[in-house]
Chemist: 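There's a structure below that I have some questions on.
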Amino acid sequence: MTVEDPFKHAVLGSGIFYKDPRAALTWLEAAFGFEPSMVVSDAEGRLVHSEMRFGDGYIVVDSEWADHVASPASVGGRNTQSVYIRLKDGLDAHCEQARLAGAEIIQEPTDQFYGERQYRARDPEGHVWTFTQTLRAVPREEAERLSGLSIEGWHR
């Protein structure tokens, strides 16, 4: 039996863990434009689950609820993943919004050989976020020539 998802989640989302998830919800909205879509609290008011949307994607913003999950702030700033978010336009303005909200811009907006412009930002707890915008479609052969790399597979 197949049941339709009442929350209309995208096929793929990501869970991001914070020492202070409530502060993260506020910051992610101000800096990156995520929209809170669900916040679940226990009887004492502690956040136990939350979700935010960006376009047709979503993230779960949660606390360090178990030993196997941690914020980079709890593990010396190390990241084991980076969330990539594709913007349709306005990448440079998005970067400035993030900067004004206190994001550490670790890669300024830069055009890439594969036809995209991207920037990277670190949030207050150390998560690295990559934002990208397609500028033009680049054929694989051109990308190989420009990069000096051998590429298997490419845009379909």
Side-chain angles (χ1 to χ4, degrees), residues 5 7-41 46-138 140 143 146-147 149 151-156:
D5 174 11
F7 296 105
K8 307 289 187 235
H9 288 112
V11 173
L12 181 64
S14 186
I16 316 297
F17 304 102
Y18 288 89
K19 293 174 76 141
D20 187 347
R22 286 198 186 275
L25 289 170
T26 301
W27 192 88
L28 291 167
E29 184 175 15
F32 297 151
F34 280 89
E35 296 176 1
S37 58
M38 182 189 312
V39 178
V40 182
S41 304
R46 288 183 302 250
L47 187 139
V48 295
H49 179 82
S50 67
E51 297 181 11
M52 300 186 89
R53 294 193 177 270
F54 191 96
D56 61 355
Y58 76 101
I59 58 172
V60 172
V61 176
D62 214 336
S63 64
E64 297 176 314
W65 54 269
D67 288 342
H68 68 274
V69 296
S71 165
S74 295
V75 292
R78 292 183 305 253
N79 278 238
T80 61
Q81 72 168 355
S82 177
V83 179
Y84 281 71
I85 299 159
R86 183 165 303 285
L87 303 176
K88 291 183 181 179
D89 56 30
L91 183 112
D92 290 78
H94 191 274
C95 179
E96 283 310 306
Q97 175 182 329
R99 188 188 319 273
L100 290 172
E104 175 190 356
I105 306 303
I106 58 177
Q107 178 194 338
E108 293 291 337
T110 307
D111 293 353
Q112 305 298 318
F113 70 88
Y114 45 85
E116 299 201 353
R117 184 166 178 79
Q118 73 179 25
Y119 82 92
R120 286 191 172 90
R122 190 180 323 273
D123 73 21
E125 288 200 22
H127 295 281
V128 174
W129 300 79
T130 302
F131 292 89
T132 186
Q133 174 185 332
T134 301
L135 299 177
R136 66 186 185 94
V138 174
R140 181 184 52 80
L146 291 171
S147 68
L149 302 171
I151 301 171
E152 292 183 34
W154 196 243
H155 307 286
R156 297 169 198 222

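The structure displayed is predicted, hence computed values, not measured ones.
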Chemist: For residues Q133 and D89, determine if any side-chain heavy atom of one lies less than 4.5 Å from a side-chain heavy atom of the other.
Modeler: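 Yes, side chains in contact.
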Chemist: Counting N and O atoms only, with roles assigned by atom type, does the side chain of N79 sit under 3.5 Å from a partner on the main chain of V128, one being a donor and the other an acceptor?
Modeler: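 Yes; at least one donor-acceptor contact below 3.5 Å.
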Chemist: Does the pair Y18 and H127 meet the rule for a ring pair (Phe, Tyr, Trp, His ring centres under 6.0 Å), with working shown?
Modeler: CA-CA 9 Å; Y18 288 89; H127 295 281; 4.5 Å; yes
Chemist: Go through the steps for W129 and F34 under the test ring pair (Phe, Tyr, Trp, His ring centres under 6.0 Å), then give the verdict.
Modeler: CA-CA 12 Å; W129 300 79; F34 280 89; 5.5 Å; yes
Chemist: Below 4.0 angstrom, N of the basic side chain to O of the carboxylate: do R86 and E116 qualify?
Modeler: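 Counted as a salt bridge, because a side-chain N and a carboxylate O are separated by less than 4.0 Å.
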Chemist: Heavy-atom distance under 4.5 Å between the side chains of F113 and V138, does that happen here?
Modeler: no
Chemist: Contact between P124 and W27 at the side-chain level, heavy atoms closer than 4.5 Å - yes or no?
Modeler: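 When only atoms from C-beta onward are counted, W27 and P124 do touch, with a gap below 4.5 Å.
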Chemist: Report yes if the side chains of L47 and V39 come closer than 4.5 Å at any heavy-atom pair, otherwise no.
Modeler: yes
Chemist: Just by distance, no angles: are the side chains of S71 and E64 close enough, under 3.5 Å, to form a donor-acceptor pair?
Modeler: no
Chemist: Nearest 0.5 Å, what's the OG1-CD1 distance between T132 and I85?
Modeler: 11.0 Å
Chemist: I want to know whether F32 and F131 have ring centres closer than 6.0 Å.
Modeler: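 F32 vs F131: aromatic centres under 6.0 Å.
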Chemist: Identify the two heavy atoms, one from P72 and one from R78, that lie closest to each other, and give their separation to 0.1 Å.
Modeler: CB-O, 3.4 Å
Chemist: Nearest 0.5 Å, please: how far is CD1 in I106 from OG in S82?
Modeler: 7.5 Å
Chemist: Please answer whether the main-chain N or O of A24 pairs with a side-chain N or O of T26 as donor and acceptor at a distance below 3.5 Å.
Modeler: no
Chemist: Ignoring hydrogens and angles, tell me if any N or O in the side chain of S147 forms a donor-acceptor pair with the backbone of A143 under 3.5 Å.
Modeler: yes
Chemist: Working note: S50 + M38, criterion side-chain contact (heavy atoms from CB on, under 4.5 Å); need CA distance, chi angles, decisive distance, verdict.
Modeler: CA-CA 5 Å; S50 67; M38 182 189 312; 6.0 Å; no
Chemist: Apply side-chain contact (heavy atoms from CB on, under 4.5 Å) to residues R122 and I105 and explain how you reach the verdict.
Modeler: CA-CA 6 Å; R122 190 180 323 273; I105 306 303; over 6 Å; no
Chemist: Is any side-chain heavy atom of D62 closer than 4.5 Å to a side-chain heavy atom of I16?
Modeler: no
Chemist: So, do E29 and E35 sit near enough that their side-chain heavy atoms are less than 4.5 Å apart?
Modeler: no
Chemist: If I take atom SG from residue C95 and atom CD from residue E108, how far apart are they, to the nearest 0.5 angstrom?
Modeler: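 Between C95 SG and E108 CD, I get 5.5 Å after rounding to 0.5 Å.
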Chemist: Are S63 and R22 linked by a side-chain donor-acceptor pair shorter than 3.5 Å?
Modeler: no
Chemist: Mark yes when over 12 heavy atoms from residues, nucleotides or ligands other than L12 sit less than 6.0 Å from its CG; otherwise mark no.
Modeler: no
Chemist: So, do Q118 and Q107 sit near enough that their side-chain heavy atoms are less than 4.5 Å apart?
Modeler: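 Result yes, sub-4.5 Å side-chain heavy-atom pair found.
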Chemist: Take E125 and D20 through the side-chain contact (heavy atoms from CB on, under 4.5 Å) test and state the conclusion after the steps.
Modeler: CA-CA 9 Å; E125 288 200 22; D20 187 347; 3.8 Å; yes
Chemist: Please lay out, stage by stage, how V61 and L28 fare under the test side-chain contact (heavy atoms from CB on, under 4.5 Å).
Modeler: CA-CA 10 Å; V61 176; L28 291 167; 3.9 Å; yes
Chemist: Regarding E152 and R140, does a basic nitrogen lie under 4.0 Å from an acidic carboxylate oxygen?
Modeler: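 A salt bridge is absent here (no side-chain N lies under 4.0 Å from a carboxylate O).
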Chemist: For R120 and Y84, which I'm curious about, is there any donor-acceptor pair between the side chains at under 3.5 Å?
Modeler: yes
Chemist: Quick one: pull up CD in E51 and NE2 in H49 and give me the separation to the nearest 0.5 Å.
Modeler: 3.5 Å
Chemist: Counting N and O atoms only, with roles assigned by atom type, does the side chain of T134 sit under 3.5 Å from a partner on the main chain of R136, one being a donor and the other an acceptor?
Modeler: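 Flag not set: sc T134 to bb R136 has no pair under 3.5 Å.
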Chemist: Under 4.5 Å between any side-chain heavy atoms of Y119 and L91, yes or no?
Modeler: yes
Chemist: Identify the two heavy atoms, one from M52 and one from S37, that lie closest to each other, and give their separation to 0.1 Å.
Modeler: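 Heavy-atom minimum between the residues: N-OG, 3.9 Å.
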